[in-house]
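Have a look at the structure below before the remarks.
Counting starts at 1 for both ligands and their atoms, following the listed order. All values below come from the heavy atoms of this structure, side chains included, with hydrogens, waters and symmetry mates left out.
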Amino acid sequence: MNRVALVTGASRGIGRAIAEELAEAGCAVCINYLEHRAQAEELAEAIRSRGGSAIAVRADVADRAAVEAMVRTAEAALGPVTLLVNNAGIAGQIQFQDITDEQWNRYLAVNLGGARNAIQAVLPHMLHVKDGCIVNISSIWGLRGASCEVAYACTKAALIGLTRSLALELAPSHIRVNCVAPGVINTDMVQVLGQETLRELAEETPLGRLGTPEDIAHAVAFFASDRADFLTGQVLSADGGFIV
Ligand code: NAP
């Protein structure tokens, strides 16, 4: 795959696995992170040591200027971005009546605003060359309701809306926009649920296990590949059958 990829939130978890898989497939990769610099730098170094191209760049995806600067850095080091994976996200459990303005705005700014910022930063080049691929990471909780995760679920449902509408708008420019909706994936994000709940969620999953970051990376790599050349505006629920 001969693309320069930007993967947001790639220091850990799902984003990290996506960056690794895309690098393995031949992409040059910009690894975005917020707090875990050492992990992001170590991943970039590991990719380079295997003969690939990668850099790690810090940016809060909610910060438009920082995202613009990150994209310019990626362009200078690797070339123009033609594959964007909007993966960075935050989650948390809180009852709806207790959500503060600050919390509500932060969920929207990171999970939805982050995707908007990154897309708008890479789009001028994609439009210029009439080529590009965007993959948004939603969630099963964007497809069905999630008690005590209303703000999170709203942002994930909005990413599906963004995917569908933008896919139509950008199709004439041969820019494909798709979405992966992961089920319960065993990363740092879900550890707050506790081992007992995670065991129950694995049992609730028809395929009988939690997902791995690699399960999601495979789905993203498929959308990014030429084999998905006729797919746009689609939501692929990579969830072990959780939503059927
Ligand atoms: P995670 O383990 O908590 O990792 C989150 C990643 O996002 C980290 O690399 C973190 O960077 C980065 N990040 C967070 N806020 C950021 C910001 N403002 N700017 C830039 N980077 C930021 O989460 P995960 O489980 O891998 O989830 C990745 C994505 O998949 C999220 O969008 C999540 O909603 C979605 N998802 C996850 C699950 C699941 O069960 N795990 C299910 C459905 C969907 P630093 O560590 O460097 O700060």
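Evaluation of the salt bridge (charged side-chain N to carboxylate O under 4.0 Å, His left out) test over residues 68-84, restricted to residues two or more places apart or in two chains, returns E68-R72, R72-E75.
Using a 4.5 Å cut-off on side-chain heavy atoms (C-beta onward), V29 and L43 make no contact.
Applying the side-chain contact (heavy atoms from CB on, under 4.5 Å) criterion to A40, with sequence neighbours excluded, gives S11, I31, Y33, A56. By the side-chain contact (heavy atoms from CB on, under 4.5 Å) test, F222 is found to be paired with S225, R227, A228, L231, residues two or more places apart in sequence or in another chain being considered.
For R12 and E35, the salt-bridge test fails: no basic side-chain N is under 4.0 Å from an acidic carboxylate O. In this structure, D63 does not pair ionically with R58, as no charged nitrogen and carboxylate oxygen lie closer than 4.0 Å.
In this structure, ligand 1 sits under 4.0 Å from heavy atoms belonging to G9, A10, S11, R12, G13, I14, N32, Y33, L34, E35, H36, A59, D60, V61, N87, A88, G89, I90, R106, V110, I137, S138, S139, Y152, K156, P182, G183, V184, I185, T187, D188, M189, V190.
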